[in-house]
Every structure is written in C-alpha cells, then in structure tokens.
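These notes are about the structure you will find just below.
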Amino acid sequence: MRRLTVLLAAVASLFPLLSPSLHAAPSDFAGIWTGEITAPDTRADLGLAFTPTPDGLLVSLHFPEMFLHTVNFGAADIRDDTFTLAPLQLVLTRNGDELLGTFAPTRLSVRLRRGGTFAEPPPPPDLPPAPAPRWQRSLGAPVWSSPAVHENTVYVAATDGRVHALQAADGEPLWTWTGPHPFFGDILVTADALYLLDEQSHFFALSRADGALLWQLDLHENTDTPDADAPPRNETFNHRSAAPVLDARGILYVGSTDRHLYAINARSGRVVWRHATSAPLYAPVALHGEYLLAACYDGTLFSLHRRNRRERFRITLPGPLVSAPVVAGDRVIIGCRDTFLYGLDANTGATRWRKTYWFSWVESTARLADNTLYIGGSDFRRVSALAPRDGRPLWSTDVLGLSWGSPVVTSDTVFAGTAGRNIDGTVITHRGGIVALDRQTGAIRWRHATATPSDAPFNGIAGSLALAGDLVIAADVHGTLLAFPAAPDSK
C-alpha cells in the first residue's frame with residue numbers, strides 16, 4: 001500500500017495540471033492577471049480582468065499593443081481550469097497563480113500571473129491638420145479601388161461600373177466609360193490603354209485617349225470548373241479583384257476567381273495560356289526575372305516560368321493571401337491572413353523571417369523604395385518601415401485606421417489612406433483619413449479626416465493613394481476624389 005501511495009505521489013509531481021485544482025470554481029479566476037504574449041520576433045504586454053457580478057464572471061482584455069484597454073468581452077467561458085476567449089482564439093489553463101496557453105490561430109505563447117495593474121490608455125493624439133485639398137470631385141458611386149495616374153491624368157473605377165478619366169491639375173472630367181458590373185480592383189495604365197477586371201471576372205481594355213472599348217474577355221467563359229456560369233463569391237473582408245500586370249513583351253498576366261492565372265496578349269486580347277491554380281486569385285502577380293509569383297486565396301504562393309509554365313517552387317502559408325508579393329533583392333515579401341508578414345527566399349520560397357501583426361490580417365501590399373519596405377496594417381493600425389532582408393523594424397506609426405492600401409513614397413514623405421468602421425461589435429476604433437508621415441522617423445506631419453456617414457459600415461480610403469506631380473490623389477469609399485499637395489510644408 002505504501003508503495004502505491006509513493007507511486008501516485010510521483011505521478012502527481014510529474015503532471016501538476018492533474019492536481020485537484022483542475023476542477024476549481026470559476027471564482028478562482030477572479031481578479032487581475034498580467035503578463036506577456038510572445039511572438040517569434042517580439043513580445044507585448046497582455047492582461048485579463050475577471051470581474052464578479054450578479055450575472056456571473058465577466059472578462060476584460062487589456063492588450064495595449066493592439067489598442068485594447070480593458071475591453072469587455074462579456075461572460076467568461078471557463079470550464080474546469082481552462083478559460084477560452086473564442087473571438088481571439090485565446091485558450092489559457094490555470095496552474096496555481098499562472099495562466100498558460102496560446103493566442104490566435106498562430107498559437108502565440110501567453111503567460112499571465114495573478115496580480116498587477118493595467119496602464120491607463122493614452123490620450124487621443126493632437127495631430128497637425130492637413131492642408132486644404134487643391135480640389136475634390138464626387139464620382140457619384142463608392143470607390144474601393146485605387147486611383148491610377150499617367151501623364152497628368154487620373155483614372156479611377158467605381159462600384160457602379162463606371163471608369164473615370166479626370167485632369168490631375170483640377171479634377172475636371174475628360175471622359176467616362178460604363179461597364180456591366182462593379183469594379184473593385186485597380187487599373188493598369190499604359191501609354192495607350194487601360195486594363196482592368198470587374199467583379200464578375202470580365203477583363204476590359206480601354207483606349208486611354210477617350211475610353212473607347214478596345215476589347216473585352218470573359219475569363220469565366222471557357223472554364224472547366226463546375227460553377228462556370230456563377231463566379232465564386234468574393235470572400236475577402238474588403239472587396240478586391242486582381243489587377244493585371246504587363247511585361248516587356250506585351251503580355252498581360254492576371255488572376256481570376258475561376259482558379260486560373262491568365263497570360264493575355266495586350267494588343268489583341270487573345271489568351272496566350274491559362275494555368276490552373278488551387279484557389280481564386282485576388283492580388284496582382286509579381287514579375288521576377290522570367291518567373292511570375294502568384295498568391296492564391298488558400299495561402300498558396302507559387303513561382304511560374306512565364307514561357308514554359310514550369311513551377312520553380314510552390315509553398316502554402318497558413319492563411320489566405322489577398323495582397324501581392326513584392327520582390328526585394330533575394331526576398332519575396334507578402335502579408336498573410338494568418339497575422340504574419342513574411343520574408344521568403346525568392347528562389348525557393350523558404351521562410352527567412354516573420355513579423356507578427358498579433359491578431360490582425362496583413363492586407364497591405366508593401367511598397368519598396370530605396371531598399372526599404374513601407375507597409376500598412378489592418379487591425380494592427382500602423383504604417384511601418386522595415387528592412388526587407390531581415391524584417392528589422394525602422395519605425396512603426398499608429399495611423400488611427402485600417403491601412404489596406406500600399407503607402408505612397410516621395411523623397412521625404414510617406415502617404416497612406418485609412419478606412420474606418422461603423423460596425424457593431426468592433427473592439428478597436430478605426431478612423432478613415434489620409435496621413436502624411438516623415439519618411440525618416442514615421443512622425444505624422446498631417447492628417448485629413450474623411451467624412452463618416454453614420455449609416456455606412458465603412459468610411460475613408462480602402463485602396464492606395466497615387467502621386468500626380470506635386471499632388472497626392474485619394475478616392476474615398478463614398479465616391480469622392482481628393483487632391484492634396486504633396487510637399488511637406490504646404491498649407
């Protein structure tokens with residue numbers, strides 16, 4: 001009998017979580033717990049407060065790095081000694097006076113200890129106001145795409161199917177062309193033509209001079225997928241369609257929701273080849289020598305030879321890809337909805353570095369300028385400057401909103417648009433606007449707040465900005481095109 005008792009004691013010492021505290025009451029969680037969350041590249045403060053009320057134990061999350069300051073998440077879900085916060089996939093098990101577990105789909109390590117205090121949230125920033133816009137023009141329909149500029153003309157596509165050409169200097173209309181379906185993707189502009197894809201994967205070429213239709217192509221017409229007559233629904237959080245890319249031989253490359261990548265003759269609209277993919281494509285491809293880099297919604301990234309269509313590599317990241325890969329030397333930079341920004345080997349696809357965005361999707365496509373990456377954030381709410389080879393942060397600035405587009409970079413300033421949300425249940429405040437940042441330090445030089453209609457779920461800028469000489473051009477989601485001076489000292 002004594003030998004059995006000794007044996008049981010030894011087993012209990014090896015497995016402390018199997019102690020009687022496994023069946024503790026939820027009240028044993030009451031109080032404040034503080035500690036940290038650890039990612040491969042950094043760590044941050046994290047805290048929980050369990051507050052007894054007549055209606056039960058309520059839980060609040062304190063995560064200053066993600067702009068959450070004691071945010072109430074309602075009734076605490078506690079079973080035995082395990083607490084679960086399902087919206088953020090936070091699972092913690094109590095072991096005495098510690099809570100140990102993981103956070104988010106990437107299972108970042110969390111360790112909290114009983115006790116501590118939460119820092120007060122910082123006061124709202126007092127930011128310099130923007131200079132007055134040089135001009136603004138209502139387009140009559142929401143705009144989710146980015147304006148494009150060529151030779152002092154601004155081109156932008158709207159959700160009513162119209163494509164607009166306007167003078168960059170004063171916003172005066174030049175021509176308008178109307179297609180059959182909404183546009184959510186960006187326009188590719190060349191010396192002679194505009195190329196763009198609508199929400200139903202109809203591909204159009206328009207004359208840059210007057211908007212006349214040059215050719216059109218239905219990318220779903222000859223597909224062998226079962227839903228050929230019903231293109232897959234765009235499942236992205238914000239609306240997207242892939243923008244085309246043109247190579248020096250006059251071949252356009254564009255991905256479609258029919259799970260194919262297309263090569264198309266830019267002059268004739270003839271399909272040169274069609275390459276099957278594992279999932280829809282919502283982002284532009286990247287050119288890398290004789291290869292294309294294509295990102296799919298199921299997380300697949302592959303490198304494809306442009307002529308013989310042999311794949312050099314194919315990898316699958318743990319979340320959907322809706323931003324474009326960017327080649328920076330021997331690195332490919334791409335954001336993922338698994339909440340990481342990746343630096344991959346450009347020749348093999350092997351991961352060389354990862355940067356956490358905590359629980360935020362990485363929607364922005366990086367902008368490369370002078371061997372520095374500039375990229376926005378979604379819930380992460382920052383525009384950041386990074387070294388492309390190792391992901392080393394140079395600066396990171398809170399821009400107060402969802403920065404989905406690619407930042408625009410001049411010699412001394414970084415410009416970015418932000419979107420805001422008016423959706424019930426949103427735990428992070430986002431504000432729509434346009435910001436100008438000091439390129440060296442990331443300090444905000446000015447911010448313009450966009451209109452925020454109370455009945456609209458989104459406001460602000462969903463796409464990227466564009467440069468037109470000494471102007472920065474933005475299109476907000478309610479259909480207003482704005483032009484601001486790009487010089488940092490303009491008023």
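For clarity, every value in this text was computed on a predicted model and none was experimentally measured.
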Checklist line | CA sep, side-chain torsions, deciding dist, call: C336, V362, side chain to side chain contact (heavy atoms under 4.5 Å, CB included) | finding: CA-CA 5 Å; C336 183; V362 189; 5.8 Å; no
Answer with yes or no whether the side chains of [Y] and [X] bring together a donor and an acceptor at under 3.5 Å.
X	Y	result
S201	S256	yes
T38	S109	no
T257	H220	yes
R314	T300	no
D379	H430	yes
D186	S146	yes
R310	H305	no
W395	S384	no
T356	D41	no

Could you tell me whether a side-chain N or O of [X] sits under 3.5 Å from a main-chain N or O of [Y], the two making a donor and an acceptor?
X	Y	value
H478	D476	no
T418	R431	yes
T84	V91	no
Y262	L219	yes
T397	V399	no
R274	L261	no

Closest non-hydrogen atom pair between [X] and [Y], with its separation:
X	Y	answer
A416	S403	CB-OG, 4.0 Å
P393	L386	CA-CD2, 3.7 Å
A283	A324	CB-N, 3.8 Å
N72	G74	OD1-N, 2.8 Å
A366	I333	CB-CG2, 4.5 Å
P388	L368	CG-CD1, 4.5 Å

Does NZ or CZ of [X] lie under 6.0 Å from the centre of the six-membered ring of [Y], at an angle within 45° of the ring axis?
X	Y	value
R240	F184	no
R381	F67	yes
R367	Y374	no

Note to self: Please evaluate residues R439 and D370 with respect to the criterion salt bridge (Lys or Arg N to Asp or Glu O under 4.0 Å), reporting the C-alpha separation (whole Å), side-chain torsions for both, the decisive distance (0.1 Å), and the verdict.
What the structure shows: CA-CA 11 Å; R439 184 172 171 182; D370 300 326; 2.8 Å; yes
Regarding [X] and [Y], does a basic nitrogen lie under 4.0 Å from an acidic carboxylate oxygen?
X	Y	answer
R389	D330	yes
R352	D345	yes
E98	R111	yes
R259	D298	no

Could you tell me how the ring of [X] sits relative to the ring of [Y]: parallel (under 30°), tilted (30 to 60°) or perpendicular (over 60°)?
X	Y	value
Y253	W273	tilted
Y357	F380	tilted
F302	H275	tilted
F29	F50	perpendicular

Quick check for you: to the nearest 0.5 Å, what is the distance between [X] atom [atom1] and [Y] atom [atom2]?
X	Y	atom1	atom2	value
L112	F83	CG	CZ	9.5 Å
R113	I32	CZ	CD1	14.5 Å
T413	L437	OG1	CG	8.5 Å
W353	Y342	CH2	OH	11.0 Å
I187	L197	CD1	CG	12.0 Å

Can you check whether [X] reaches [Y] side chain to side chain, under 4.5 Å on heavy atoms?
X	Y	value
F183	S241	no
L46	L61	yes
V149	L467	no
R447	L400	yes
L188	L196	no
I251	R306	no
F203	L252	yes
H69	P64	yes

Checklist line | Stepwise ring-ring contact (aromatic ring centres under 6.0 Å, His included) test for Y155 and H150 | finding: CA-CA 8 Å; Y155 305 91; H150 190 85; 7.6 Å; no
Notebook entry, point to check: Hey, mind stepping through T34 and F118 against side chain to side chain contact (heavy atoms under 4.5 Å, CB included) and telling me if it holds?
Noted result: CA-CA 8 Å; T34 56; F118 296 157; 3.6 Å; yes
Check: Going through the distances and angles, do R382 and D398 end up as a salt bridge (Lys or Arg N to Asp or Glu O under 4.0 Å)?
Finding: CA-CA 4 Å; R382 293 173 177 84; D398 176 14; over 6 Å; no
Margin query: Between D247 and V245, does the side chain to side chain contact (heavy atoms under 4.5 Å, CB included) criterion hold? Intermediate values first, please.
Written below: CA-CA 7 Å; D247 73 6; V245 171; over 6 Å; no
Notebook entry, point to check: Above 12 or not: heavy atoms from other molecules or residues under 6.0 Å from CZ of R312?
Noted result: yes
Check: Crowded around R107 CZ? As in, over 12 foreign heavy atoms under 6.0 Å?
Finding: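 Atom CZ in R107 is not crowded, with 12 or fewer foreign heavy atoms closer than 6.0 Å.
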Note to self: Please report whether the ring centroid of F313 lies less than 6.0 Å from that of Y291.
What the structure shows: no
Next item on the list: Any chance you could lay out the ring-ring contact (aromatic ring centres under 6.0 Å, His included) test for F458 and W144, step after step, and finish with the verdict?
Entry: CA-CA 11 Å; F458 288 96; W144 285 73; 5.5 Å; yes
Next item on the list: Kindly indicate, with the supporting measurements, whether the criterion side-chain hydrogen bond (donor to acceptor under 3.5 Å, both in side chains) is fulfilled by S360 and T339.
Entry: CA-CA 5 Å; S360 171; T339 71; over 6 Å; no
Notebook entry, point to check: Given F484 and R134, is the side chain to side chain contact (heavy atoms under 4.5 Å, CB included) satisfied, shown in steps?
Noted result: CA-CA 6 Å; F484 288 89; R134 293 278 179 85; over 6 Å; no
